[in-house]
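Working notes, beginning with the structure itself.
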Amino acid sequence: MSQTLQAVRGMNDILPDEAEFWELFEDTVRSWLKAYGYRPIRLPIVEPTPLFKRAIGEVTDIVEKEMYSFIDSLNGEPLTLRPEGTAGCVRAAIQHNLAAQQPRRLYYLGQMFRHERPQKGRYRQFHQVGVEALGFAGPDIDAEMILMGARLWADLGLDGIELQINSLGQPEERAQHRAALIAYFEEHAELLDEDAKRRLYTNPLRILDTKNPALQDMCAAAPKLIDYLGDESLAHFEGVQRVLRDAGIPYTINPRLVRGLDYYNLTVFEWVTDKLGAQGTVCAGGRYDGLVGQLGGKATPACGFAMGVERLIALIRESGGEPAAPAPDVYIVHQGDAASRLAFRAAEGLRDQGLNVLLHCGGGSFKSQMKKADGSGATFAVVIGDDEAATGEAQLKFLREEGGAQRKLRVDDLAGAIIEQLIDSEDEEE
RNA sequence: GCGGCAUUAGCUCAGUCGGUAGAGCACUGGAUUGUGAUUCCAGGUGUCACCGGUUCGAUCCCGGUAUGUCGCCCCA
């Protein structure tokens with residue numbers, strides 16, 4: 001294995017077997033999004049670096065140490081490979097006034113980049129489906145987004161994905177809580193470990209997430225954000241929960257659920273599985289009412305979430321999902337110049353009728369060609385040799401049974417015969 | 001970014017107490033010079049991840065690097 005000809009660490013090739021599986025996944029996702037009225041938006045992978053600093057927050061891990069940022073050597077512009085999708089989506093919405101007249105439901109799908117240490121479910125280039133709703137203020141859209149998740153898991157045949165929700169309140173409520181929290185931790189400074197000390201003034205909420213057992217009792221008694229929420233925030237949170245209860249969606253309120261990005265307020269939620277090891281969050285999001293204004297747009301309430309495609313696909317695999325390799329309807333076997341010319345004509349004629357056709361290329365004996373025909377999974381083989389070519393005919397052989405029947409037909413009659421038999425066998429299956 | 005474990009054929013893996021390596025699957029050809037999946041026969045397709053050290057000799061021992069993996073961190 002040469003060291004120079006390798007993909008960049010943490011950036012994976014998705015080979016055909018896997019890629020077909022991805023396409024099936026994407027088909028499911030697109031029709032699911034359509035069912036909720038979401039429309040696609042396609043955004044650049046590269047954005048100006050300041051966009052992410054302003055949107056995500058200067059002191060977050062993402063911005064501090066995980067972004068692929070560089071200076072465009074041709075014009076000196078600071079650019080960054082997008083580490084998440086919301087910032088770019090909001091930038092586009094502001095630039096094109098998307099939410100000015102009416103609320104918008106938008107989605108996108110594509111790669112994101114973060115320079116983290118690769119691990120299962122965590123790669124440097126990874127893919128997300130992002131879903132954003134701009135211009136909706138009430139808890140109804142938050143709740144609908146959560147219901148969407150539940151439906152998608154069902155559509156994908158997944159279970160055991162658990163919902164956690166929390167409310168971060170409004171910035172001023174968070175600020176009060178944060179001050180109280182820092183004061184509380186300062187009182188217990190002698191208990192704090194190095195990690196906690198590092199975060200004390202940058203991201204004290206994260207201390208609550210500690211896995212250090214020595215800190216957990218102290219954290220359990222720390223000031224709770226929910227006690228700092230005002231009536232409006234509490235009502236919003238209750239509004240979300242009422243829809244969840246009506247829909248019969250089980251959830252747990254996780255007061256320690258904090259987002260890694262600064263722009264969230266009010267509702268935050270996460271869908272988590274315990275089947276993927278350390279990277280168990282497959283979908284997460286929340287409300288970000290301040291972001292549009294913060295990025296220079298007219299104040300617009302907003303809510304969104306993102307799903308990790310690699311993680312969901314790993315989970316589908318974990319649950320026994322296997323891609324059914326798509327097989328052609330027909331494999332055309334041929335030998336000799338005249339036969340080859342007739343084979344091309346036959347292949348295009350069959351494709352005209354909507355059939356999927358693999359035309360054998362590369363020569364070889366009938367025997368080896370028949371092996372490839374079988375290996376392709378095709379339902380039929382069409383065999384054309386000198387004899388058939390002389391009369392404009394072809395042998396049509398059914399491959400999906402032992403010693404499959406074979407009959408000679410005019411090339412122009414192949415499509416009709418094949419389609420007829422395909423329909424018959426579909427009827428039998430039903 | 002930190003720590004543990006791993007890396008042998010296209011794939012899944014075995015093996016060599018240090019003497020340059022094997023199985024299954026897959027693949028190629030043949031068993032009827034025009035027919036597959038079954039069966040039989042033949043074929044190894046490999047820088048034993050890379051670089052260096054120890055040694056008469058290293059795939060094996062040691063060090064470094066790369067990549068993967070598990071956990072930490074972080075997060076989708």
Side-chain angles (χ1 to χ4, degrees), chain A residues 1-12 15 17 56 60-66 83-86 109-124 126-131 149 193-195 198-199 203 206 209-212 257-261 269-273 276-286 304-315 331 333-336 339 360 364-389 394-406 408:
Chain A
M1 247 163 264
S2 160
Q3 300 213 346
T4 51
L5 292 177
Q6 263 186 34
V8 173
R9 184 177 199 195
M11 306 204 183
N12 300 315
L15 304 179
D17 283 345
I56 298 170
T60 56
D61 273 25
I62 295 178
V63 169
E64 280 180 342
K65 46 194 191 196
E66 294 175 2
E84 56 100 47
T86 301
L109 190 159
Q111 49 272 79
M112 308 291 164
F113 301 85
R114 292 184 198 173
H115 190 106
E116 303 182 271
R117 173 134 176 190
Q119 207 177 308
K120 183 162 93 174
R122 186 174 78 182
Y123 307 101
R124 290 182 176 178
F126 61 103
H127 296 72
Q128 287 188 337
V129 177
V131 181
D193 59 20
E194 225 166 276
D195 231 25
R198 178 175 57 82
R199 290 158 160 165
N203 204 347
R206 275 278 171 207
D209 250 345
T210 184
K211 279 164 189 152
N212 182 348
L257 183 61
V258 178
R259 315 278 46 248
L261 298 82
F269 61 92
E270 252 180 49
W271 293 93
V272 185
T273 176
L276 292 181
Q279 311 297 329
T281 301
V282 293
C283 174
F305 64 94
M307 300 184 292
V309 176
E310 282 84 354
R311 291 182 188 180
L312 279 169
I313 284 177
L315 195 53
Y331 194 103
V333 165
H334 58 94
Q335 203 169 52
H360 180 85
S365 66
F366 275 106
K367 183 187 182 71
S368 66
Q369 291 192 38
M370 284 302 290
K371 279 191 178 178
K372 291 200 168 75
D374 185 62
S376 75
T379 313
F380 297 95
V382 163
V383 182
I384 304 176
D386 291 338
D387 298 349
E388 291 80 7
Q395 303 281 353
L396 176 63
K397 176 165 180 143
F398 185 62
L399 287 178
R400 301 277 67 96
E401 66 184 17
E402 217 170 306
Q406 180 170 323
K408 197 186 241 186

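Worth saying up front: this structure is predicted, and the values here are computed from it rather than measured. Labels below follow one simple rule: chain letters A, B, ... track the order of the sequence lines, proteins then strands, and each chain is numbered from 1.
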Under 4.0 Å between any heavy atoms, over every strand shown, what does [X] touch: base, sugar-phosphate, or nothing? Just pick one.
| X | answer |
| --- | --- |
| A:Gly130 | nothing |
| A:Glu402 | base |
| A:Gly10 | sugar-phosphate |
| A:Gly285 | nothing |
| A:Ala373 | nothing |
| A:Phe305 | nothing |
| A:Glu270 | nothing |

* Among pairs that include at least one residue of residues 276-286 of chain A, which meet salt bridge (Lys or Arg N to Asp or Glu O under 4.0 Å), considering only residues two or more places apart or in two chains? -> none

* Structure fact -> Residue pairs meeting salt bridge (Lys or Arg N to Asp or Glu O under 4.0 Å), one or both in residues 376-389 of chain A, sequence neighbours left out, come to none

Euclidean distance, atom [atom1] of residue [X] to atom [atom2] of [N] [Å, nearest integer]:
| X | N | atom1 | atom2 | answer |
| --- | --- | --- | --- | --- |
| A:Glu116 | B:A76 | CD | P | 9 Å |
| A:Arg122 | B:C75 | CZ | P | 10 Å |
| A:Lys65 | B:C2 | NZ | C1' | 11 Å |
| A:Gln119 | B:A6 | CD | C1' | 15 Å |
| A:Phe113 | B:A76 | CZ | P | 17 Å |
| A:Asp374 | B:U39 | CG | P | 13 Å |

* Asked: Is A:Arg9 near enough to B:G68 that one of its side-chain N or O atoms lies under 4.0 angstrom from OP1 or OP2?
  -> yes

* Think A:Arg117 has a side-chain N or O under 4.0 angstrom from the OP1 or OP2 of B:G1? -> no

Residues two or more places apart in sequence or in another chain: which of them pass side-chain contact (heavy atoms from CB on, under 4.5 Å) with [X]?
| X | result |
| --- | --- |
| A:Phe113 | A:Met11, A:Ile45, A:Tyr68, A:Leu81, A:Gln111, A:Gln125 |
| A:Glu310 | A:Trp22, A:Tyr123, A:Phe126, A:His127 |
| A:Leu109 | A:Glu26, A:Arg30, A:Val129 |
| A:Lys65 | A:Asp61 |

* A:Glu84 or A:Arg124, whichever maps to the more 5' nucleotide of RNA chain B -> A:Arg124

* **Nearest-nucleotide comparison on RNA chain B, the residue closer to the 5′ end among A:Leu276 and A:Ala7** => A:Ala7

* May I ask you to decide if A:Gly364's main-chain N or O and A:Gln369's side chain share a donor-acceptor pair within less than 3.5 Å? => yes

* Classify the angle between the aromatic ring planes of A:His360 and A:His334 as parallel (below 30°), tilted (30 to 60°) or perpendicular (above 60°). => perpendicular

* **Intra- and inter-strand pairs of RNA chain B in dot-bracket (Watson-Crick or G-U wobble, both distances under 3.5 Å; | for another strand)** => (((((((..((((.....[..)))).(((((.......))))).....(((((..]....))))))))))))....

* Structure fact -> 5' to 3', nucleotides 29-35 of chain B under a 4.0 Å protein heavy-atom cut-off (B base, S sugar-phosphate only, - none) gives S-B--BB

* Asked: Nearest 0.5 Å, what's the CZ-OG1 distance between A:Arg311 and A:Thr281?
  -> 6.5 Å

* When the aromatic ring centroids of A:Phe398 and A:Phe380 are compared, is their separation below 6.0 Å? -> yes

If the [atom1] atom of [N] is compared with that of [M], how far apart are they to the nearest Å?
| N | M | atom1 | value |
| --- | --- | --- | --- |
| B:U65 | B:C48 | P | 22 Å |
| B:G30 | B:U35 | C1' | 16 Å |
| B:A6 | B:G46 | P | 27 Å |

* To do: Identify which nucleotide among B:C73, B:A76, B:G68 has an atom closest to any side-chain atom of A:Pro118, counting heavy atoms from C-beta outward.
  => B:G68

* To do: Please name all residues satisfying salt bridge (Lys or Arg N to Asp or Glu O under 4.0 Å) with A:Arg117, sequence neighbours left out, ordered by chain then number.
  => none

